[in-house]
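We number each residue from 1, following the sequence as shown.
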Amino acid sequence: MTRAYDKFFLPGVMKKMGFAFDFAVNGCGLAADSFYDFFIASKVARAIEEGSPVFVCGCSGTELVLSVFERVGFSGKDGAWEDFVRFDRSPEYWAGWIVAFYQWESGVSFSKIRDYVPFSQIVNMYNPLHEAPKEKFLDVMNGIIKEKNMNKATNLHNLRKASGLTQKELSELAGVNLRTLQQYEIGLKDINKANGNTINSLALALHCNFYDLMEVDF
């Protein structure tokens with residue numbers, strides 16, 4: 001999977017988003033879900049997904065929040081950024097930090113993450129997940145999304161089942177990363193936006209036409 005920015009910058013983005021959500025909620029008094037909505041509506045979320053140098057490595061957490069506020073026309077709490085001091089790591093900090101990791105690792109947009117799991121629910125995962133490895137959060141999120149999609153089997157899932165192949169076998173046969181294949185199959189990632197080579201390889205392995213794999217609503 002091609003990512004918008006290098007892993008070298010990921011720890012910085014995670015810390016920045018952690019501070020931003022902590023500041024917005026505990027410094028400016030916004031509800032966690034409200035700031036997350038602002039974050040998406042401002043298109044700052046999209047800019048991070050696309051690897052914008054301004055938001056990946058060119059601003060602080062405070063500046064990220066102020067940019068979000070400016071873009072959505074929210075006045076915020078005057079002087080909050082001057083008074084806000086944090087010496088510990090709040091649940092909101094952890095939630096912003098781990099969501100940044102999940103978005104980079106999975107390639108799922110911040111907007112789609114919200115569609116599956118409200119940010120406030122992620123905040124509530126602080127105990128006990130804040131002490132677990134970051135990869136545990138990946139498994140938990142993917143499990144939640146898989147459960148929500150259980151009654152909406154994708155074409156890829158149906159075709160793989162019909163072929164008698166396991167996910168691992170199809171992954172090896174098509175030369176597609178297993179985690180990526182799983183994400184397409186449960187609808188976590190949009191297969192309609194998949195790389196042409198990926199679609200073609202899957203179609204060849206499943207002996208079908210590439211458009212049989214696409215998800216089209218009529």
Side-chain angles (χ1 to χ4, degrees), residues 1-52 55-57 59-65 67-68 84 86-149 177-180 182-183 186-190:
M1 174 172 58
T2 301
R3 294 181 171 90
Y5 58 92
D6 191 88
K7 190 173 184 177
F8 173 82
F9 297 105
L10 180 59
V13 174
M14 291 168 64
K15 291 176 182 178
K16 182 182 308 180
M17 280 191 56
F19 182 87
F21 278 90
D22 190 13
F23 170 50
V25 175
N26 299 309
C28 299
L30 270 74
D33 288 330
S34 295
F35 181 68
Y36 198 92
D37 288 345
F38 285 171
F39 177 57
I40 292 170
S42 68
K43 299 184 180 178
V44 170
R46 175 61 63 85
I48 293 173
E49 292 165 9
E50 294 176 348
S52 164
F55 294 107
V56 169
C57 56
C59 71
S60 67
T62 300
E63 289 167 337
L64 187 151
V65 172
S67 181
V68 168
F84 186 72
R86 170 69 70 182
F87 296 105
D88 58 353
R89 295 292 180 254
S90 68
E92 290 79 17
Y93 180 100
W94 173 82
W97 179 85
I98 200 67
V99 164
F101 170 75
Y102 184 77
Q103 192 286 317
W104 186 88
E105 184 68 31
S106 69
V108 179
S109 70
F110 289 110
S111 178
K112 193 162 187 177
I113 291 170
R114 179 190 59 180
D115 291 342
Y116 284 113
V117 183
F119 187 75
S120 56
Q121 184 176 334
I122 295 174
V123 173
N124 289 335
M125 295 180 191
Y126 176 78
N127 282 316
L129 289 181
H130 76 285
E131 295 183 342
K134 300 187 296 296
E135 290 71 21
K136 179 63 177 177
F137 183 79
L138 281 173
D139 294 337
V140 170
M141 281 290 289
N142 288 345
I144 291 171
I145 292 169
K146 183 176 181 179
E147 183 176 350
K148 290 189 175 184
N149 284 334
N177 177 271
L178 178 58
R179 185 182 288 274
T180 299
Q182 292 169 336
Q183 290 173 332
I186 66 174
L188 180 58
K189 293 186 69 175
D190 186 355

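Atom NZ of Lys15 sits in a sparse spot, with 12 or fewer heavy atoms from other residues, nucleotides or ligands closer than 6.0 Å.
Looking only at distances, no side-chain donor or acceptor of Ser34 sits under 3.5 Å from a matching main-chain atom of Leu30. Side-chain atoms of Trp104 come within 3.5 Å of backbone N or O of Tyr5 as a donor-acceptor pair.
Closest non-hydrogen pair, Ala24 versus Cys28, comes out as O-CB, 3.3 Å. Counting all heavy atoms, side chain and backbone alike, Val25 lies closest to Ala32 at CG2-CA, 3.7 Å. In plain terms, the two heavy atoms of Met17 and Ala100 that are nearest each other are SD-CB, 3.7 Å. Closest of all the heavy-atom pairs between Ala45 and Ile40 is CB-CA, 4.1 Å. Looking at every heavy atom in both residues, Lys16 comes nearest to Val56 through NZ-O, 3.0 Å.
The line from OG of Ser52 to CZ of Arg46 is 12.5 Å long, rounded to the nearest 0.5 Å. Separating the CE atom in Met125 from the CH2 atom in Trp94 is a distance of 7.0 Å, to the nearest 0.5 Å. Remark: Arg179 CZ to Ser106 OG distance equals 9.0 Å, nearest 0.5 Å. The structure places CG of Asn124 at 10.5 Å from CZ of Phe119, a figure rounded to the nearest 0.5 Å.
The six-membered or imidazole ring of Phe35 lies near that of Phe21, with a centre-to-centre distance under 6.0 Å.
Glu105 has a carboxylate O that lies under 4.0 Å from a charged side-chain N of Arg3, or vice versa, which qualifies the two as a salt bridge. Using a 4.0 Å cut-off between a side-chain N of Lys or Arg and a carboxylate O of Asp or Glu, Arg114 and Asp37 qualify as a salt bridge.
Asn142 and Tyr102 share a donor-acceptor pair across their side chains, judged by distance under 3.5 Å alone.
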- request: Give the intermediate values and the outcome of ring pair (Phe, Tyr, Trp, His ring centres under 6.0 Å) for residues Phe39 and Phe110.
  value: CA-CA 9 Å; Phe39 177 57; Phe110 289 110; 5.1 Å; yes
